[in-house]
Amino acid sequence: MAVENLVAVGATPSDSRLSHGMGGDVKCWSRTVEISASATEASTYDFGYVPADARILGSSTYSVDDCSTETSSTMDLGFFIVDGNMSASDDDALNDGIVLGTAATKQPLVKNIANYGKRAWQLVNGQTTNPKGQLLVRGTIKDAAISNVGGTFTVELFFVLP
């Protein structure tokens, strides 16, 4: 056993009393799409924009209600840089392998808890600097087409601006 005296990641001694560097006004948006029964693999769903330097909070969620119960359809959720440099985008920056055949579920939007509180641009694979501007949150159907019924998919994104 050992005594530990830790400060949360991202904190500096000068701000350790002020929410460990995460203080600020929380912003949020909630967006819903209706996925049709005829949606195919590679179909995309644009949910909304978030500033590239926004810190994505762990309270962000996605909800799916009974899409494609007879297939192995999955969705990835990622960030797309909207300045035309789509090569710097990441289609699974937030989450991947979301099973669309799950009935009425609500799960954390950010798959890896180590990424809670990171700036949006830091979640984009290969991005080493802030691209500035806005990032588009997009869902992409992977693995298989929807085969029998469509369903509802909702993203609730909570973030703090610096």
Side-chain angles (χ1 to χ4, degrees), residues 4-35 39 41-65 67 73-100 102 104-143 151-162:
E4 292 186 327
N5 298 299
L6 306 174
V7 176
V9 174
T12 61
S14 64
D15 71 357
S16 64
R17 295 174 304 199
L18 302 172
S19 302
H20 296 290
M22 292 290 291
D25 293 330
V26 175
K27 310 283 186 203
C28 174
W29 52 251
S30 179
R31 306 281 166 72
T32 298
V33 296
E34 293 296 327
I35 300 172
E41 181 179 346
S43 294
T44 62
Y45 304 91
D46 294 348
F47 290 97
Y49 296 90
V50 64
D53 61 347
R55 291 187 180 274
I56 309 302
L57 300 181
S59 55
S60 300
T61 62
Y62 73 85
S63 300
V64 60
D65 187 15
C67 294
S73 297
T74 63
M75 181 181 282
D76 289 356
L77 289 167
F79 284 128
F80 289 78
I81 298 172
V82 294
D83 68 356
N85 184 10
M86 297 306 267
S87 63
S89 299
D90 188 350
D91 69 349
D92 63 357
L94 291 164
N95 208 316
D96 65 349
I98 298 167
V99 177
L100 295 177
T102 305
T105 186
K106 184 174 187 175
Q107 297 293 322
L109 177 63
V110 180
K111 187 172 189 173
N112 184 345
I113 64 170
N115 289 332
Y116 288 7
K118 284 189 177 178
R119 297 189 191 283
W121 69 266
Q122 292 175 311
L123 301 176
V124 177
N125 189 29
Q127 195 66 34
T128 58
T129 60
N130 185 349
K132 312 276 192 244
Q134 302 285 313
L135 299 178
L136 172 65
V137 177
R138 176 178 284 165
T140 306
I141 292 182
K142 303 286 187 168
D143 305 323
T152 305
F153 198 99
T154 298
V155 172
E156 290 184 308
L157 197 141
F158 293 86
F159 58 96
V160 177
L161 295 174

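For this chain, numbers begin at 1 and follow the sequence in order. Everything numeric in this text was worked out from a predicted model, so none of it was measured.
- At a threshold of 4.5 Å between non-hydrogen side-chain atoms, the residues Trp29 and Phe158 do not count as touching.
- Residues Ser60 and Phe159 form no side-chain contact, since every pair of their non-hydrogen atoms from C-beta on lies 4.5 Å or further apart.
- The two residues Ala39 and Tyr45 come nearest to each other via the heavy atoms CB-OH, 3.3 Å.
- Side-chain contact between Arg55 and Pro162 is absent, with no heavy-atom pair separated by less than 4.5 Å.
- A distance of 11.5 Å separates CG in Leu100 from CG in Asp65, rounded to the nearest 0.5 Å.
- A salt bridge is absent between Arg138 and Asp91: the closest approach of a Lys/Arg side-chain nitrogen to an acidic carboxylate oxygen does not fall below 4.0 angstrom.
- Looking at Phe47 and Val33, their side chains come closer than 4.5 Å, going by heavy atoms from C-beta outward.
- Note on ring orientation: taking the six-membered ring where Trp is involved, the planes of Tyr62 and Phe153 are parallel (angle under 30°, cut-offs 30° and 60°).
- In this structure, the separation between NZ on Lys142 and OG on Ser43 is 11.5 Å, given to the nearest 0.5 Å.
- Using a 4.5 Å heavy-atom threshold, the side chains of Asp96 and Lys111 count as touching.
- Considering only heavy atoms from C-beta on, Gln107 stays 4.5 Å or farther from Asn95 through its side chain.
- With salt bridges taken as basic N to acidic carboxylate O contacts below 4.0 Å, none links Asp46 and Arg31.
- Atom-to-atom distance recorded for Leu135:CG and Arg119:CZ is 12.5 Å, nearest 0.5 angstrom.
- In this structure the side chain of Ile98 reaches within 4.5 angstrom of the side chain of Leu77, judged on heavy atoms.
- Summarising the geometry, atom CG belonging to Asp90 is positioned 9.0 Å from atom CG belonging to Asp76; distances are rounded to the nearest 0.5 Å.
- Checked against Ile35 for a side chain to side chain contact (heavy atoms under 4.5 Å, CB included), the options Val64, Thr152, Ile141 give a single hit: Ile141.
- You'll find the side chain of Leu161 reaches within 4.5 Å of the side chain of Pro51, heavy atoms only.
- No donor-acceptor contact under 3.5 angstrom links the side chains of Ser63 and Thr154, judged on distance only.
- Note that OG1 of Thr74 is 8.5 Å distant from CD of Glu41, once rounded to the nearest 0.5 Å.
- Here the straight-line distance linking atom OG of Ser89 with atom CG of Asn125 works out to 11.0 Å at 0.5 Å rounding.
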Exercise for review: Evaluate side-chain contact (heavy atoms from CB on, under 4.5 Å) for Phe79 paired with Trp121, printing each intermediate quantity in order.
Suggested key: CA-CA 8 Å; Phe79 284 128; Trp121 69 266; over 6 Å; no
